[in-house]
Protein chains: 2
Amino acid sequence: MEKRVEILKKHNIRITPQRLGVYEILLDKNKHLTAEAIYRKIRVSFPTISLATVYSILELYYKKHLLNEIRIDFDKSCFDIRTDTHHHFLCKQCAEIYDIDLHPCSALNNKEVDGHLIHELQGYFYGICSKCKDKSNL
Amino acid sequence: MEKRVEILKKHNIRITPQRLGVYEILLDKNKHLTAEAIYRKIRVSFPTISLATVYSILELYYKKHLLNEIRIDFDKSCFDIRTDTHHHFLCKQCAEIYDIDLHPCSALNNKEVDGHLIHELQGYFYGICSKCKDKSNL
DNA sequence: CTTTTAAATAATAATGATTATTGCTTATTT
DNA sequence: AAATAAGCAATAATCATTATTATTTAAAAG
């Protein structure tokens, strides 16, 4: 059985071409896509798909823990197939989002802070990315 | 000169009753208010104020670094007069937002991650707060 | 203290991301 | 192959935030 099909079935998700299409786009190297960006991409293979369908598929995947929704840009959500805990950096100049892996993150090693039970942690870094920094220094 | 007036003047902000009112509400112990919540509170003393004015005052204060905007709840921004770096916890049960101060935060001590220049860091923790946890354990 | 004028406010409309609705279509079950 | 439960497309609705504009007001100057 194909890998994508296998994963979706494992999570009790009914297989449809639209769902496979969205999943494939998410798997692509280009990460942190907005719903709108996914919509634009999937319309190449599914010209009649609607944006609402993209949202509903993303919501389904989120509930099944197949993706991570991040809101580093206040205006819109981005979606990421990486579901292990990691953080994000948003460049204020080029708007690119980078993954950030903090190795010895004290906050992550604890299950609690101030007596509160932690289920999830999102770290959002804002600044100027290395590429833009280099360009300014020319 | 009154304290609030002094602070606003120091930041080259023209004094208006509406601005003083919003500032007073932000100073109140009840932190992390949404624009809507601030609007509801200030209408007691300024019944004709409009929500757009509240937003414009908040934007002004943000640009002058008099407040911090957080987006721990995806749906709406919250505003906080604490401008020093600290993090936040959102209880999934009661929706209360708590301040989190991480003492030895490795991420904060650095000015860079992966070669990117950090200007700002927002840490959002999600889970069950101590109060709700205690209630469940009765 | 009045006049001036540049900025702030109120009222309202517009925007834009996300969600809800509904009738038709498709995937699984019988 | 028929039945049925779920998914989809199209579209409308929602809701936070932003833009617009005419009116009002705060600060500066006379």
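Everything quoted here is computed from the prediction, not taken from an experiment. Here is the naming used below: chain letters follow the sequence lines, and residue numbers restart at 1 for every chain.
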Looking at [X], I want to see if its [atom1] is surrounded by more than 12 non-hydrogen atoms of other residues, nucleotides or ligands under 6.0 Å.
| X | atom1 | answer |
| --- | --- | --- |
| A:Lys92 | NZ | yes |
| B:Tyr62 | OH | no |
| B:Lys64 | NZ | yes |

Round to the nearest Å and state the distance from [X] atom [atom1] to [N] atom [atom2].
| X | N | atom1 | atom2 | value |
| --- | --- | --- | --- | --- |
| B:Leu58 | D:dA19 | CG | P | 15 Å |
| B:Ile49 | D:dT25 | CD1 | C1' | 14 Å |
| B:Ile57 | C:dT9 | CD1 | C1' | 9 Å |
| A:Phe46 | C:dT25 | CZ | P | 18 Å |
| A:Leu20 | D:dC8 | CG | C1' | 15 Å |
| A:Asn12 | D:dA6 | CG | P | 13 Å |
| B:Tyr39 | C:dA10 | OH | P | 9 Å |
| A:Glu36 | C:dT15 | CD | P | 16 Å |

I want to check one thing: is the phosphate of [N], taken as OP1 and OP2, less than 4.0 Å away from some side-chain N or O of [X]?
| X | N | result |
| --- | --- | --- |
| A:Gln18 | D:dA9 | yes |
| B:Arg71 | D:dT17 | yes |
| B:Thr16 | C:dT9 | yes |
| B:Tyr55 | D:dT18 | no |
| A:Ser77 | C:dT18 | yes |

query: So, A:Glu6 and A:Lys10, do they make that salt bridge, N to O below 4.0 Å?
result: no
query: Would you call A:Glu24-A:Lys3 a salt bridge at under 4.0 Å N-O?
result: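 No, A:Glu24 and A:Lys3 are not salt-bridged.
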Among C:dA8, D:dT17, D:dG7, the nucleotide that comes nearest once only the side chain of A:Arg19 is considered: D:dG7
task: Can you figure out which of C:dT18, D:dA9, D:dG7 approaches the side chain of A:Lys76 most closely?
output: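 Side chain of A:Lys76 sits closest to C:dT18.
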task: Check whether the ring centres of B:Tyr61 and B:Tyr23 lie less than 6.0 Å apart, and answer yes or no.
output: yes
task: Could you check whether A:Thr53 gets within reach of a base, just the sugar-phosphate, or nothing at all, counting any heavy atom under 4.0 Å?
output: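 Answer is base: heavy atoms of A:Thr53 come under 4.0 Å of a base.
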- request: Indicate, with a heavy-atom threshold strictly under 4.0 Å, whether A:Pro47 touches base, sugar-phosphate, or nothing.
  value: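 Here A:Pro47 touches no strand at all.
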Ring geometry between A:His88 and A:Tyr124 (parallel below 30°, tilted from 30 to 60°, perpendicular above 60°): tilted
- request: Identify, between A:Phe79 and B:Thr48, the residue whose nearest nucleotide on DNA chain C lies closer to the 5' end.
  value: B:Thr48
message: Pick the closest DNA chain C nucleotide for B:Leu60 and for A:Glu59 by heavy atoms, then say which residue is nearer the 5' end.
response: B:Leu60
Please list, for nucleotides 3-5 of chain D, all pairs of protein and nucleotide N/O atoms separated by less than 3.5 Å.
none

message: Return the CZ to NE2 distance between A:Phe125 and B:His119, rounded to the nearest 0.5 Å.
response: 13.5 Å
